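Order of the sequence lines sets the chain letters (A, B, ...), proteins ahead of strands, with each chain counted from 1. Just so you know, these numbers use all the heavy atoms, side chains as well, and skip hydrogens, waters and symmetry mates. Since this is a predicted model, take the numbers as computed values, not measurements.
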Protein chains: 2
Amino acid sequence: MTTTNALNENINTWISQINKEYKAAVSVDCVIFGYDENDLHVLLLKSDMPPFEGKYSLVGDLVTPNETLDESAERVLFQRTGLKDVFLEQVKTFSDVDRHPLGRVITTAYYSLVKLNPELFKIQEGNSKLKWKKVAKVGELAFDHNSILENCLTQLRYRLRDKPIGFKLLPKKFSLKQLQNLYEKVLDIELDKRNFRRKLKALDLLVDLNENQSDVNHRPAKLYSFDQEKYERKRKKGFNFEL
Amino acid sequence: MTTTNALNENINTWISQINKEYKAAVSVDCVIFGYDENDLHVLLLKSDMPPFEGKYSLVGDLVTPNETLDESAERVLFQRTGLKDVFLEQVKTFSDVDRHPLGRVITTAYYSLVKLNPELFKIQEGNSKLKWKKVAKVGELAFDHNSILENCLTQLRYRLRDKPIGFKLLPKKFSLKQLQNLYEKVLDIELDKRNFRRKLKALDLLVDLNENQSDVNHRPAKLYSFDQEKYERKRKKGFNFEL
DNA sequence: CCAAAAGTGTTTGTAATACACCCATGG
DNA sequence: CCATGGGTGTATTACAAACACTTTTGG
């Protein structure tokens, strides 16, 4: 009942197929999430490709013959933002036959996390087609990019509960309030202040910097930083983040 | 500071790149997990491709111009096993530049879950190069397939705790012991019988068939089946599996 | 009646939740 | 001295974990 014999699995078939038409353009698309301590944003680019002229799209590019997908995503991120060594995670590969108007383009989606500081915010100024949009207010995007964005957002939310990646969206020094805000904003939930703080204390991954906020017209908050090395040590001993 | 101006993001660049060398062969590789109520197996194929002659590899194929990756994975699964409508999940895309000896082949990994019955076991007989190997005893595979297998196994274990997919590895009617065995074997953990049963009762997703095992030389176990529709209804109400 | 696996409750510890008041600072 | 957000503890409840004996069947 199996159809094994119908298959020709020898090398020559592969060689001829690879060299003929069995090739596709391959791209990466990056969902670059930026957090400015108020809203989660995503970096978009105004498209000039028919039939999507004027619509926004994610930033992406074709994968060159001598780079991996990871490298390609890093390159795209660097070319668009000037940032290196940024968190990037592969999410899913999208392959609908008609997803791209110029022909078959199979694309792999990545998301990345950056702190949105004023300098980064500027990349959308001038004649640039780049735009930081609030994720909650993204409208219809070009290609299948709404679907890609949705998948990446789901993945981000999943990971945020699972791994300590939230810190990548905050400055090195932050208050517990800032951290809680981040979780509330990105996950779109409300958290109890006291329970949140207790849980974080129990995780024992923050360093108390013995510094305070300044220039705030209320009691200044204590500042903390995330201890990546401590986390790695704990993780290796079988510890799990689980917020 | 941004390098936006160095980018040429207009259509003509795309068209010329797509039509020139910016193409790659694209394939799928399927980690077909089979469970025989004792061990988790994976379907492998003896390779004849230098330099991997004689080594086993996962089953896979090039993606044809008119099919999606999902469809391609379904096709591979059907061609190798004769099975349709089987659980398949995309895991990750692998893109090391030198991962394939015949040139650049970017591959997307899927895993799938099948019940290993005697009929399915037969596909490795005769002159077939197919082989069901115990996952625990898989040696060195061709290409980067050890890495792919590992990623898929991790994903399977993750999902097993998260979504009710374990039932796909069992016959329609099963005992609670069979179910517990499955979890223990695949996750490589030990579970407490009473706690396991209590938890499953609490999830309220099994149908008591009011049938018993027969022809066993001990007290026969009650048989249950998984209620997919009940699960979907619960899931839509915000219920989570979480074993 | 023996072997082999099925089936069943209770106790104890730990983590999640809910909740309200005082504190420090800038203006 | 007032407005603003920062910071803290306790009581209750739900869930996880540990654990041992009786029941049913086939041989």
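If you measure from atom CG of B/Leu206 to atom P of C/dG7, you get 12 Å, rounded to the nearest angstrom. C/dG7 atom C1' lies 10 Å from atom NZ of B/Lys222, rounded to whole Å. Rounded to an integer number of Å, the gap from A/Asp215 CG to D/dG5 P is 16 Å. Between A/Lys199 atom NZ and D/dG7 atom P there is a gap of 20 Å when expressed in whole angstrom units. Atom-to-atom, CG of A/Leu179 to C1' of D/dG6 comes out at 15 Å; the value is rounded to the nearest Å. In this structure, B/Leu203 atom CG and D/dA14 atom P are separated by 18 Å, rounded to whole Å. Nucleotide C/dT10 holds its P atom 17 Å from the CZ atom of B/Arg197, rounded to whole Å. As a whole-Å value, the separation of B/Leu243 CG from D/dA17 P is 11 Å.
Between A/Glu119 and A/Lys122 no salt bridge is recorded (no basic side-chain N to carboxylate O distance below 4.0 Å). Using a cut-off of 4.0 Å between Lys/Arg side-chain N and Asp/Glu carboxylate O, B/Asp39 and B/Lys137 are scored as not salt-bridged. A salt bridge is defined here as a Lys NZ or Arg NE, NH1 or NH2 lying under 4.0 Å from an Asp or Glu carboxylate O, and B/Arg157 with B/Asp188 fails to meet this definition.
Residue whose closest nucleotide on DNA chain C sits further toward the 5' end, between B/Ala221 and A/Asn212: B/Ala221.
Of the listed nucleotides (C/dG27, D/dG6, D/dA16), C/dG27 has the atom at the smallest distance from the side chain of A/Asn217. Checked against C/dA6, D/dG6, C/dA24, the side chain of A/Lys177 finds its nearest nucleotide in D/dG6. Distance from the side chain of A/Pro220 is smallest to C/dA24 among C/dA24, C/dA4, C/dT8.
Ring-plane geometry between B/Phe167 and B/Phe174 is classed as tilted, the angle between the planes lying from 30 to 60 degrees on a 0 to 90 degree scale.
Shown here for B/Leu58 and B/His145, the closest heavy-atom pair between the two residues is N-ND1, 2.9 Å.
By the 6.0 Å and 45° rule, A/Lys163 does not stack over the aromatic ring of A/Phe241.
Considering OH of A/Tyr183 and CZ of A/Arg161, their distance stands at 9.5 Å, rounded to 0.5 Å.
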Between the protein and nucleotides 19-22 of chain C, list every N/O to N/O distance that falls short of 3.5 Å.
from   : atom 1 : to       : atom 2 : distance (Å)
C/dC19 : N1     : A/Arg194 : NH2    : 3.4
C/dC19 : N3     : A/Arg194 : NH2    : 3.2
C/dC19 : N4     : A/Asp192 : OD2    : 3.4
C/dC19 : N4     : A/Arg194 : NE     : 3.2
C/dA20 : N1     : A/Arg194 : NH1    : 3.2

